[in-house]
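Inspection log for the structure reproduced underneath, given as C-alpha cells.
Just so it is clear, the values below take in all heavy atoms, side chains as well, and ignore hydrogens, waters and symmetry mates.
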Amino acid sequence: MGDFGSDGSSSMSIVMYPWLAFGHMTAFLHLSNKLAEKGHEIVFLLPKKALDQVKPLNLYPSLITFHTISIPHVKGLPPGAETNSDVPFFLTHLLAVAMNQTRPEVETILRTNKPDLVFYDSADWIPEIARPVGAKTVCYNTVSAASIALTLVPAAEREIIDGKEMSAEELAKPPLGYPSSKVVLLAREAKTLSFVWRRHEGIGSFFDGKVTAMRNCDAIAIRTCRETEGKFCDYIESQYNRPVYLTGPVLPVDEPNKTSLEPRWADWLAKFKPGSVVFCAFGSQPVVDKIDQFQELCLGLEATGLPFLVAIKPPSGVSTVEEALPEGFQERVRGRGVVYGGWVQQPMILDHPSVGCFVSHCGFGSMWESLMSDCQMVLVPQHGEQILNARLMAEEMEVAVEVEREENGWFSRRSLEDAVKSVMGEGSEVGEKVRKNHDKWRCVLSDSGFADGYISKFEQNLTDLVKS
Ligand SMILES: O=c1ccn([C@@H]2O[C@H](COP(=O)(O)OP(=O)(O)O[C@H]3OC[C@@H](O)[C@H](O)[C@H]3O)[C@@H](O)[C@H]2O)c(=O)[nH]1
Ligand SMILES: [O-]c1cc(O)cc2[o+]c(-c3ccc(O)cc3)c(O[C@@H]3O[C@H](CO)[C@@H](O)[C@H](O)[C@H]3O)cc12
C-alpha cells in the first residue's frame, strides 16, 4: 500500500461513532475488525453500558480501542437510558437529542486523535467537527439500501402541513425513480413509517437528520453488495451525488479460538435431531410490543410441534418474558420449547447442527446472518425497514417465507404455524424452492473471495478518499 494517513504512515486512523443501538454498534464493530485486520487503527466510541456486550466482539484489541462516552439524561427518557434497548420506540428521538449533547466530548476526542476518517450514521454534526481537524467523513449505513432508497433520499421529502400526520397511502408512495415494484410497502404497513417525517422540537425529523448526514459526508457507505441491492445503491448515488461505497455483508468470520456457544444452549440443542429446532429471535430492541401478539407468537411455535428456542425482549407492560407467556404454556412445552428474555449468541445458534429454521424479525444484521446459514427462513418483520428487508428476501430473492398478516396487521398463531410448516415440512414445494434459492445465494455470498473482495475494494476507496 502507498503511504497514507495524516502522519504519512501506511495505516489509517479511524474514529467510529455509531447510533446508540446494538444492531448498529455490532455492525460498526464487525467493520472495524475487517479494517483492523488490514492494519488500521480504530477508536470506537460507545456508551458505558454497551461496553460489556460489545467488547467480546473485538478481535483486534491492540488496534481497536473503546472510548466510552457519557450519554446525558434528557427529560422524558427513562433514568440511565444509554441505548435504544433502554428506550421505547416512540421516545427514540429523545435518545437522538441525548446523542447530540455528546458533541463537545466527541469534538475533544477528534482534536486529540486527529483521525484520517470518521465513520458515523446518526450524529449528523460529525462533518462539522471532523473537517477542522482534517478528517474525511463516511456516513456508514447498516440498514438495507432499499430502505434508504424508499424513504431517506431527497426525492422522498414530504411537505408536512401544520404537523398533520400523512395518510397511509401517502406514506406508502415510493419517491420518483425508485427502482423496484416488489420491495415496497402496503398502505397499512407504511403507517410504521410515520416516524420518518414526524418533526420533533429542537431536532427536526428522522428524515431531516438522515438526509443531512448523507448530504454532508465525504462518502456514503452501505453494508450491502451489488448482487443483492445494486439498483438501490445506484439510485442513492444519483440522489445524493456522493460516492457510495459498499462494504459487502461484513459478517464475523469463524475465528479458530472463538468463544463457544454457552453450554446451557449447546447442551439443550444437542438433545434434538439435526435440523429439527426452530430458532426465533427478534433482534436487540423490543419489537413485539403487544402482549397478545407476543403470546400468539409463542402459541404459533407451540402449534408447529417442533422443538423451539425463542430469544426475545418482553412486550410493553411487563419486565420479564416469563410474565408474558400464555397460560399453561411452560408446562405444555416443557422439554421442547424455551422462551428466553436475555442475550444469546445468535450466529452460533444459527450454526448449530440441530437448528433447521430461523424465525426472524428481519433486522438487516439478522438477514445477512440467516442468508449465510443453512436454516430455512420465516420472516415476521415488525417495522418499515424490516418489512422492506423481508420483501427483498421473500419477493426478489425468493429465499424465505413471510408470515401472512391480517388487514389490521395482526399475525395469527395459525399463519405462523403454516409458514414454519411450509418450509420445514418434508416434500413441501415452497420449502424446496426457498431452500434451492437460499443454497445458491449462500454459495455466492460465502465464496472465499466474495466478502474479502468487497473489503479490499472498500479499503481502496477509503485510501483514495483520505488522499484526495
Ligand atoms: O439475543 C441476541 C439478539 C441479537 N443478536 C445480534 O444482534 C444483531 C441484531 O441486529 P439486527 O440488525 O438483526 O436487528 P436489530 O433490530 O437489533 O437492529 C436494528 O438496527 C440495525 C438495523 O440494521 C436493523 O435492520 C434494525 O432492525 C444481530 O447481529 C444478532 O446476531 C444476538 O447476537 N443475540
Ligand atoms: O424504519 C425504517 C424505514 C426506512 O425506510 C428506513 C429506515 O432507515 C433507518 C436507518 C438507520 C440508520 C441509517 O444510517 C440509515 C437509515 C432506520 O433505522 C432505525 O430507526 C429506528 C428509529 O429511529 C431506530 O430505533 C433503529 O435503531 C434504527 O435501526 C429505520 C428505517
Side-chain angles (χ1 to χ4, degrees), residues 15-29 44-54 66-107 109 118-129 139-143 147-148 151-152 192-214 216-217 282-289 312-317 319 343 361 363-365 382-386:
V15 169
M16 301 247 177
Y17 192 25
W19 168 233
L20 311 173
F22 284 103
H24 294 237
M25 292 186 267
T26 311
F28 270 65
L29 192 60
F44 198 100
L45 313 185
L46 78 178
K48 281 192 201 78
K49 257 191 182 171
L51 187 60
D52 286 349
Q53 203 163 311
V54 173
F66 292 112
H67 189 126
T68 56
I69 299 286
S70 314
I71 308 301
H73 178 71
V74 165
K75 196 166 163 233
L77 277 182
E82 288 190 339
T83 74
N84 231 10
S85 317
D86 309 322
V87 175
F89 186 74
F90 69 95
L91 291 181
T92 309
H93 62 283
L94 293 180
L95 193 62
V97 173
M99 191 179 196
N100 284 350
Q101 291 179 11
T102 66
R103 178 174 169 153
E105 196 178 345
V106 178
E107 203 164 3
I109 294 166
V118 186
F119 280 57
Y120 67 103
D121 52 358
S122 182
D124 57 25
W125 35 267
I126 286 285
E128 287 168 26
I129 61 172
C139 181
Y140 181 43
N141 295 283
T142 59
V143 299
S147 56
I148 297 169
T151 55
L152 302 176
T192 66
L193 289 184
S194 56
F195 84 92
V196 171
W197 292 277
R198 190 175 298 141
R199 289 191 191 288
H200 299 284
E201 217 186 291
I203 191 163
S205 66
F206 183 76
F207 175 86
D208 296 336
K210 291 290 171 227
V211 171
T212 307
M214 283 189 266
N216 294 347
C217 62
F282 276 26
S284 58
Q285 297 162 28
V287 281
V288 181
D289 204 33
I312 194 167
K313 305 276 165 288
S316 294
S319 48
W343 188 261
H361 74 315
F364 204 44
Q382 307 293 311
H383 297 301
E385 179 233 343
Q386 297 156 3

*asked:* Quick one, L77 with V87, criterion side-chain contact (heavy atoms from CB on, under 4.5 Å). Give me CA distance, side-chain angles, the key distance, then yes/no.
replied: CA-CA 7 Å; L77 277 182; V87 175; 3.8 Å; yes
_If I compare all heavy atoms of G76 with all of L91, which pair ends up nearest, and what's the gap?_
O-CD1, 3.4 Å
*Yes or no on side-chain contact (heavy atoms from CB on, under 4.5 Å) for M25 and T83, after CA distance, side-chain angles and deciding distance?*
CA-CA 10 Å; M25 292 186 267; T83 74; 4.0 Å; yes
*Calculate, to the nearest 0.5 Å, the distance between atoms CG and CD1 belonging to L51 and I69 respectively.*
12.0 Å
_Listed partners of E128 passing salt bridge (Lys or Arg N to Asp or Glu O under 4.0 Å), at least two apart_ = R103
*asked:* Can you give me the closest heavy-atom contact between G283 and K313, atom names plus distance?
replied: O-NZ, 3.9 Å
*Any side-chain heavy atom of N141 within less than 4.5 Å of one from L152?*
no
_Flag side-chain contact, heavy atom, 4.5 Å: Y120 against V15_ = no
*Does the separation of the ring centres of H383 and F89 fall below 6.0 angstrom?*
yes
*Just wondering, do W197 and T151 contact through their side chains at under 4.5 Å, heavy atoms?*
yes
*side chain to side chain donor-acceptor pair (under 3.5 Å) partners for T68, two or more places apart*: none
*Measuring from D208:CG to D124:CG, what's the distance to the nearest 0.5 Å?*
9.0 Å
*Mind checking the CZ-OG spacing from F206 to S194? Nearest 0.5 Å is all I need.*
12.5 Å
*F119 side chain reached by I126 side chain, heavy atoms, under 4.5 Å*: no
_Minimal non-hydrogen separation, R198 against H200, with atom names_ = O-CD2, 3.7 Å
*Shortest non-hydrogen separation from I71 to A81 and the atoms involved*: CG2-O, 4.1 Å
_Point-to-point distance, once rounded to the nearest 0.5 Å, from CG of L29 to CZ of F44_ = 5.0 Å
_Derivation of the side-chain contact (heavy atoms from CB on, under 4.5 Å) call for T92 and W19_ = CA-CA 11 Å; T92 309; W19 168 233; 3.5 Å; yes
_Rounded to the nearest 0.5 Å, what separates atom NE2 in H93 from atom CG in N100?_
12.0 Å
*Nearest 0.5 Å, what's the NE2-OG1 distance between H24 and T142?*
4.0 Å
*Would you please name every residue forming a salt bridge (Lys or Arg N to Asp or Glu O under 4.0 Å) with D86, sequence neighbours left out?*
K49
*Given side chains that start at C-beta, do those of Y17 and V118 come closer than 4.5 Å, heavy atoms only?*
no
*Determine the minimum heavy-atom distance between A213 and C139, stating which atoms define it.*
O-CB, 3.8 Å
*Any chance you could lay out the side-chain contact (heavy atoms from CB on, under 4.5 Å) test for I148 and M214, step after step, and finish with the verdict?*
CA-CA 10 Å; I148 297 169; M214 283 189 266; 3.8 Å; yes
*If we only count heavy atoms from C-beta on, is the S316 to D289 side-chain gap below 4.5 Å?*
yes
*With the side chain counted from C-beta on, respond yes when V288 and Q382 share a heavy-atom pair under 4.5 Å apart, and no when they do not.*
yes
*Locate the shortest heavy-atom distance separating M99 from A123; write the atom from each residue and the value.*
CE-CB, 4.3 Å
*Do D121 and Y140 have side-chain heavy atoms sitting under 4.5 Å apart?*
no
*Is the side chain of T102 donor-acceptor paired with the backbone N or O of A98 at a distance under 3.5 Å, no angle test?*
no
